[in-house]
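Below: the structure, in structure tokens.
Heads up: numbering here begins at 1 and tracks the sequence.
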Amino acid sequence: MRVDGGTYRVNRVRLLNPDERKIRVTTVGGQPFVPVTELQQLSLFAGLELDAVQAISDALQVERHDTGTVLMTEGEAGDKLYLLAEGTVEVSIIGSRGQTLRVNTLSGGEIFGEGALLTDTPRTATVTVRSPSTVLSLSRAQFADLLTAHPDVRSAMETMVEGRRQQRDELDEYGEHKIEVAGGHHGEPVLPETFVDYDDEPREYPLSVVQTIVRVHTRVSDVYSNPIDQLEEQLRLSIEGIRERQEYELINNPEFGLLHAAAPSMRTPSRTGAPTPDDMDDLLALVWKRPAFFLAHPMAIAAFGRECTRRGVPPPTTTIFGSPFLTWRGVPIVPCDKLLVGGKARVGSRAGTTNILLVRVGEREQGVVGLHTSGLPGEPEGLPGLSVRLMGVNRRAVASYLLTLYFSAAVLIEDAIAVLEGVEVGRYHEYP
């Protein structure tokens, strides 16, 4: 999408109940620790005095659990709040026919069981550890001691819970104010009135920049440019390097990169580590409106292929731009080595974890859009947003060319992108 003013603004309906983000857990002396500033970001503790939040942080107890441990059981009395520092847990309920139904899978930085601190209601779900996990817990007894020392804590938290209850009927599934409409009526009833309230501080995406300087001796470009134009070749290779950096930034940039743009509710951990068909279906259940493609590291695609082979459901392929791509449920899986494995970009890496993205694209579809400008001085044909300028020739007869690329990306609404986290690429299977 062309951005003439250098900045792209995303106007959307105001969020009455913003999505909770994951808590950043640090390690001090080998033990997990939650900074007070992180706890203050939770709506559960919003509005509390600093010393009260500090007391809560200090009271958290470290627990380590193996796979299969049941942290809480549906229907039983609750006595602890949990903050998952590392690992994965599965949330399940008992269905109407007595079967176990998986509700969610939680990963590091997520909080659960907080209702036990404020009410005597029984647990609404069972939580089971699915990989060796470390949790920070706060018991009801510890919380009672905090209330004695800080009487304002309970009133502040109860006010927050009541506010959530009152807002529940006013919100849609994305935390936005519902648009009141009437349907299925007869005659001439009084129609509902509504108003679309926009976000007071809309997200703005300024164009990012990647630059380099190409230096070519004039003697080389003058004498040695036949049969290959040396200047053109130097610029071509440099532009390829700029494009590689652009791809990396679009995925990993902390300000606008797709990995950081996904909302907490649109993130799900791999249930068993390896990317299974069930995990890919979970992504499709999140981005269910016209998903465009998956993005995955080549090793993650290979790992997914092995899991499909193990189940006897090899994924079909489709041809895009003359090359075959694996698909799942008809959605192409596009390889991208900028989704790092274990923090590294090596394509041949056989160990570590990575992420898989699923995106919807296009402004009309309210998806992810790429941003660029055009009409720049020295802009090559067919490469909008790129500028190639001669900076001059120095006294050593070396010509310098400034290459600049302006770009960014914007996520128009939250359900346009989902992330499968903690994907292991090193699991292989033995076949008879």
- Query: When you measure from the side chain of T319 to the backbone N and O of S323, does any donor-acceptor pair fall under 3.5 Å?
  - Reply: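 Such a contact is absent between T319 side chain and S323 backbone.
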- Message: Checking the side chain of S400 only, and the main-chain atoms of G392 only, is there a donor and an acceptor separated by less than 3.5 Å?
- Response: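 Not confirmed, S400 side chain does not pair with G392 backbone.
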- Should the pair E244-K338 be classified as a salt bridge under the 4.0 Å nitrogen-to-oxygen rule?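 Result for this pair is yes, salt bridge flagged.
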- Task: Verify the distance criterion only: is there a donor paired with an acceptor across the side chains of S225 and Q230 at less than 3.5 Å?
- Result: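 No donor-acceptor contact under 3.5 Å links the two side chains.
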- Task: Tell me yes or no: between the side chains of T69 and D66, is some donor less than 3.5 Å from an acceptor?
- Result: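 No, because no side-chain N or O of T69 sits under 3.5 Å from a partner of the opposite role on D66.
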Qualifying salt bridge (charged side-chain N to carboxylate O under 4.0 Å, His left out) pairs with a residue from [range], counting only residues at least two apart or across chains:
{"range": "residues 216-241", "value": "E233-R236, R236-E240"}
{"range": "residues 385-404", "value": "none"}
{"range": "residues 302-330", "value": "D278-R311, D281-R329"}

How many angstroms lie between atom [atom1] of [X] and atom [atom2] of [Y], to the nearest 0.5 angstrom?
{"X": "L295", "Y": "E247", "atom1": "CG", "atom2": "CD", "value": "8.5 Å"}
{"X": "R123", "Y": "L71", "atom1": "CZ", "atom2": "CG", "value": "9.5 Å"}
{"X": "Q61", "Y": "L138", "atom1": "CD", "atom2": "CG", "value": "8.5 Å"}
{"X": "R360", "Y": "F293", "atom1": "CZ", "atom2": "CZ", "value": "12.0 Å"}
{"X": "I417", "Y": "L358", "atom1": "CD1", "atom2": "CG", "value": "8.5 Å"}
{"X": "Y401", "Y": "M391", "atom1": "OH", "atom2": "CE", "value": "12.0 Å"}

If you take all heavy atoms of [X] and [Y], which pair is closest and at what distance?
{"X": "L340", "Y": "T354", "value": "O-OG1, 2.9 Å"}
{"X": "V127", "Y": "V91", "value": "CG2-CG2, 4.2 Å"}
{"X": "S57", "Y": "V36", "value": "CB-CG2, 4.3 Å"}
{"X": "P315", "Y": "T327", "value": "CB-O, 3.1 Å"}
{"X": "V89", "Y": "S133", "value": "CG1-OG, 4.4 Å"}
{"X": "V25", "Y": "A85", "value": "CG1-CB, 3.9 Å"}

- Message: Would Y82 and M72 count as a side chain to side chain contact (heavy atoms under 4.5 Å, CB included) here? Give the steps.
- Response: CA-CA 10 Å; Y82 293 96; M72 60 178 67; 3.6 Å; yes
- Item | ring pair (Phe, Tyr, Trp, His ring centres under 6.0 Å) pairs, two or more places apart, involving residues 306-339 |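 Non-adjacent pairs meeting ring pair (Phe, Tyr, Trp, His ring centres under 6.0 Å): F304-W328.
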- Query: Per the side chain to side chain donor-acceptor pair (under 3.5 Å) rule, which among E63, Q31, R64 passes with T134?
  - Reply: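 Per the side chain to side chain donor-acceptor pair (under 3.5 Å) rule, the option paired with T134 is R64, out of E63, Q31, R64.
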Indicate yes or no: at least one non-hydrogen side-chain atom of [X] is less than 4.5 angstrom from one of [Y].
{"X": "L83", "Y": "V135", "result": "no"}
{"X": "V359", "Y": "P291", "result": "no"}
{"X": "K289", "Y": "E365", "result": "no"}
{"X": "L403", "Y": "V214", "result": "yes"}
{"X": "D415", "Y": "L286", "result": "no"}
{"X": "L339", "Y": "L259", "result": "yes"}
{"X": "S208", "Y": "F256", "result": "yes"}
{"X": "C308", "Y": "P314", "result": "no"}

- Do V393 and T218 pass the side chain to side chain contact (heavy atoms under 4.5 Å, CB included) test, and can you show the C-alpha distance, the side-chain angles, and the key distance before you say yes or no? CA-CA 8 Å; V393 181; T218 54; 4.1 Å; yes
- Query: Do other residues, nucleotides or ligands put more than 12 heavy atoms under 6.0 Å from L390 CG?
  - Reply: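 Yes, enclosed.
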- Task: Return yes when atom CZ of R245 has more than 12 non-hydrogen atoms of other residues, nucleotides or ligands closer than 6.0 Å, and no otherwise.
- Result: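 12 or below, so no.
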- Message: Test side chain to side chain donor-acceptor pair (under 3.5 Å) on Q211 and T404; report intermediate values, then the result.
- Response: CA-CA 4 Å; Q211 292 181 306; T404 305; 2.9 Å; yes
- Determine, step by step, whether L207 and T7 satisfy the side chain to side chain contact (heavy atoms under 4.5 Å, CB included) criterion, reporting the C-alpha distance in whole Å, the side-chain angles of both residues, the deciding distance to 0.1 Å, and the verdict. CA-CA 6 Å; L207 293 179; T7 299; over 6 Å; no
- Residues in salt bridge (Lys or Arg N to Asp or Glu O under 4.0 Å) contact with E90, at least two apart in sequence or another chain: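 Result, salt bridge (Lys or Arg N to Asp or Glu O under 4.0 Å) vs E90: R130, R271.
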- Full working for side chain to side chain contact (heavy atoms under 4.5 Å, CB included) between F294 and L326: CA-CA 10 Å; F294 295 94; L326 291 183; over 6 Å; no
Side-chain atoms of residues 102-113: list all donor-acceptor pairs with protein atoms under 3.5 Å, sequence neighbours left out, distances to 0.1 Å.
unit_1 : atom_1 : unit_2 : atom_2 : d
R102   : NH1    : T105   : OG1    : 2.6
R102   : NH2    : D282   : OD1    : 3.3
R102   : NH2    : D282   : OD2    : 2.6
S107   : OG     : K22    : NZ     : 2.6
E110   : OE2    : S107   : N      : 3.0

